[in-house]
A.B. asks: 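Handing you a structure now.
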Protein chains: 2
Amino acid sequence: MKIGELAQHSGVAPSTIRFYESKGLLKSARSSNGYRQYNSDSLRQIQLIRFSQSLGFSLDEMPSAATAEDGFDHDLILERLEGKRQEAAALLEQIQRKADRLNSLITLLNENWAEGQCLPAQTLTNLLDEANY
Amino acid sequence: MKIGELAQHSGVAPSTIRFYESKGLLKSARSSNGYRQYNSDSLRQIQLIRFSQSLGFSLDEMPSAATAEDGFDHDLILERLEGKRQEAAALLEQIQRKADRLNSLITLLNENWAEGQCLPAQTLTNLLDEANY
DNA sequence: ATTGACCTTAAAGCTGACTTTAAGGTTATA
DNA sequence: TATAACCTTAAAGTCAGCTTTAAGGTCAAT
């Protein structure tokens with residue numbers, strides 16, 4: 001498989017695939033003309049990268065392709081997943097608070113601000129005080 | 001008030017205040033020596049910027065200091081807040097799915113992977129398939 | 001008079017995950 | 001044989017929201 005085909009199959013741009021390789025996350029064989037050659041393992045590896053990203057891992061947090069070949073350490077992996085679970089829970093709370101602030105602000109504006117009127121900046125900063133931020 | 005004092009009162013670095021001014025979000029008077037002079041309105045304005053950020057608005061989405069002086073348009077503000085509410089709801093779902101993926105992956109690993117063992121890469125990509133990603 | 005803590009500007013640097021550009025080599029098709 | 005559609009590299013550009021740097025001016029206290 002050439003890089004364009006791998007791009008098609010994985011849904012990831014060729015430039016991105018080269019970028020992952022430059023970060024050490026992916027290895028590639030070369031054919032005689034210098035083109036990169038891939039197989040189904042390469043596709044798996046890309047899927048693993050995207051999956052890990054979807055869990056909140058940055059590219060730098062991922063083990064290099066060389067390291068990954070030796071298999072993964074049980075305790076280390078579970079520890080990191082647990083860490084990400086906690087991060088996700090914290091993020092969830094944070095976004096929830098944001099949504100709450102938006103909801104109360106919308107309610108507040110609908111109650112205190114007649115349609116067609118123009119809200120003076122002062123009133124808005126008062127609302128800001130009420131929103132308790 | 002000089003910029004350092006405003007920084008103290010607002011909890012925002014002087015460089016950030018200058019940055020906000022360069023983006024047109026903040027205006028400043030100057031004293032005879034060229035130093036920026038602020039008042040309590042400046043503090044309000046900064047609080048409004050941080051509050052708007054906390055609702056998910058980018059700096060570019062915020063009206064410039066000049067525009068804001070004329071007051072705000074009811075329909076426009078409510079429309080944008082509603083937009084952000086929907087964005088926040090979508091984000092909330094997305095993070096929730098991430099947390100779910102993390103939870104099922106942790107469960108899956110605990111069930112299928114004895115402590116002290118080393119997980120072969122192949123097994124991990126199988127789990128990836130099971131995680132249905 | 002000098003030190004140190006402030007202030008000024010424009011411009012460059014930082015983060016992460018890429019994309020784009022420039023300059024060129026390869027291959028299949030018309 | 002020429003043209004298009006691929007591929008290669010290294011290096012620079014993108015985004016947002018800042019921070020840092022460099023080179024200097026101001027001011028209060030010693």
Side-chain angles (χ1 to χ4, degrees), chain A residues 1-39 42 45-65 80 83-84 87-88 91 94-95 98, chain B residues 1-39 42 45-65 80 83-84 87-88 91 94-95 98:
Chain A
M1 227 192 314
K2 287 190 292 182
I3 197 169
E5 301 168 74
L6 181 58
Q8 284 291 319
H9 290 10
S10 63
V12 160
S15 59
T16 306
I17 296 175
R18 292 193 197 97
F19 174 69
Y20 289 162
E21 184 177 330
S22 79
K23 290 235 126 188
L25 295 176
L26 205 57
K27 290 201 282 191
S28 62
R30 298 296 179 118
S31 26
S32 50
N33 57 11
Y35 288 14
R36 288 173 178 81
Q37 270 299 333
Y38 297 102
N39 54 31
S42 319
Q45 185 59 26
I46 288 190
Q47 286 167 342
L48 183 56
I49 293 171
R50 303 307 278 215
F51 180 64
S52 303
Q53 279 186 318
S54 86
L55 297 178
F57 290 94
S58 70
L59 298 181
D60 286 350
E61 285 174 318
M62 299 178 196
S64 76
R80 292 189 174 188
K84 285 299 166 189
E87 272 182 34
L91 195 54
Q94 189 186 318
I95 311 288
K98 178 194 295 189
Chain B
M1 227 191 313
K2 287 191 290 182
I3 196 168
E5 302 167 73
L6 181 58
Q8 285 292 318
H9 290 10
S10 64
V12 160
S15 59
T16 305
I17 297 176
R18 291 193 197 98
F19 175 69
Y20 288 162
E21 184 177 330
S22 79
K23 290 236 127 188
L25 295 176
L26 207 56
K27 291 202 281 189
S28 62
R30 297 298 179 115
S31 25
S32 52
N33 57 10
Y35 287 15
R36 289 174 178 81
Q37 271 299 334
Y38 298 101
N39 55 30
S42 321
Q45 184 58 27
I46 289 190
Q47 286 167 342
L48 183 55
I49 293 170
R50 304 305 280 214
F51 181 63
S52 303
Q53 278 186 318
S54 86
L55 297 178
F57 290 95
S58 71
L59 298 183
D60 286 350
E61 285 174 317
M62 299 179 195
S64 76
R80 291 190 176 187
K84 283 301 166 189
E87 272 183 34
L91 194 55
Q94 189 187 317
I95 311 291
K98 180 195 292 189

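Here the structure is a predicted model, which means the values were calculated and not measured. Proteins get letters first, then strands, A, B, ... in listed order; numbering begins at 1 in each.
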A.B. asks: Checking B/Ser31 now: which residues fulfil side-chain contact (heavy atoms from CB on, under 4.5 Å) with it, not counting sequence neighbours?
C.D. replies: B/Asn33, B/Tyr35, B/Gln37
A.B. asks: Could you tell me which non-hydrogen atom of A/Ala13 sits nearest to which non-hydrogen atom of A/Ala7, and how far apart they are?
C.D. replies: C-CB, 4.3 Å
A.B. asks: Of all residues at least two apart in sequence or in a different chain, which pass the side-chain contact (heavy atoms from CB on, under 4.5 Å) check with B/Glu5?
C.D. replies: B/Met1, B/Lys2
A.B. asks: So A/Tyr38 and A/His9, do their side chains get closer than 4.5 Å, heavy atoms only?
C.D. replies: no
A.B. asks: Once side-chain contact (heavy atoms from CB on, under 4.5 Å) is applied, do any residues pair with B/Ser64, and if so which ones, sequence neighbours excluded?
C.D. replies: B/Ala66, B/Thr67
A.B. asks: Sorted by first residue and then second, give each side chain to side chain donor-acceptor pair (under 3.5 Å) pair with at least one member in residues 18-27 of chain A; sequence neighbours left out.
C.D. replies: A/Tyr20-A/Arg50, A/Glu21-A/Ser28, A/Glu21-A/Arg36, A/Lys23-A/Asp60, A/Lys27-A/Glu69
A.B. asks: Note the angle between the end axes of the helix from C/dA1-D/dT30 to C/dA30-D/dT1, five pairs defining each, rounded to 10 degrees.
C.D. replies: 30°
A.B. asks: What is the separation between atom CD1 on A/Ile3 and atom P on D/dC7, rounded to the nearest whole Å?
C.D. replies: 7 Å
A.B. asks: Using the salt bridge (Lys or Arg N to Asp or Glu O under 4.0 Å) criterion, which residues pair with A/Lys84? Sequence neighbours excluded.
C.D. replies: A/Glu61, A/Glu87
A.B. asks: Can you name the side-chain contact (heavy atoms from CB on, under 4.5 Å) partners of A/Gln94, sequence neighbours left out?
C.D. replies: A/Leu91, A/Arg97
A.B. asks: Which pair of heavy atoms, one from B/Leu25 and one from B/Gln45, lies closest together, and at what distance?
C.D. replies: O-NE2, 3.3 Å
A.B. asks: For B/Met62 versus B/Ser52, what's the shortest heavy-atom pair and its separation?
C.D. replies: CE-CB, 3.7 Å
A.B. asks: Can you tell me how far P of D/dA5 sits from CD of A/Gln8, to the nearest Å?
C.D. replies: 15 Å
A.B. asks: With a strict under 4.0 Å distance from non-hydrogen atoms of chain A, what nucleotide opens and what nucleotide closes the contacted stretch of DNA chain C, reading 5' to 3'?
C.D. replies: C/dA17 to C/dT27
A.B. asks: When you compare the side chain of B/Leu59 with that of B/Ile49, does any pair of heavy atoms fall below 4.5 Å?
C.D. replies: yes
A.B. asks: I'd like a table of atom pairs between the protein and nucleotides 25-27 of chain D - only N or O on both sides, under 3.5 Å - with the distance next to each one.
C.D. replies:
residue : atom : partner : partner atom : Å
D/dG25  : N2   : B/Tyr35 : OH           : 2.7
D/dT26  : O4'  : B/Tyr35 : OH           : 3.2
D/dC27  : OP1  : B/Asn33 : ND2          : 2.8

A.B. asks: Can you give me the closest heavy-atom contact between B/Ser54 and A/Lys98, atom names plus distance?
C.D. replies: O-CG, 3.2 Å
A.B. asks: So, does B/Gln53 get its side chain near the phosphate of D/dC18, meaning an N or O under 4.0 Å from OP1 or OP2?
C.D. replies: yes
A.B. asks: What are the two closest non-hydrogen atoms of B/Ser42 and B/Leu6, and how far apart are they?
C.D. replies: CB-CD2, 4.1 Å
A.B. asks: I need the residues from residues 12-27 of chain A with at least one non-hydrogen atom less than 4.0 Å from DNA chain D; give them sorted by number, or say none.
C.D. replies: A/Arg18
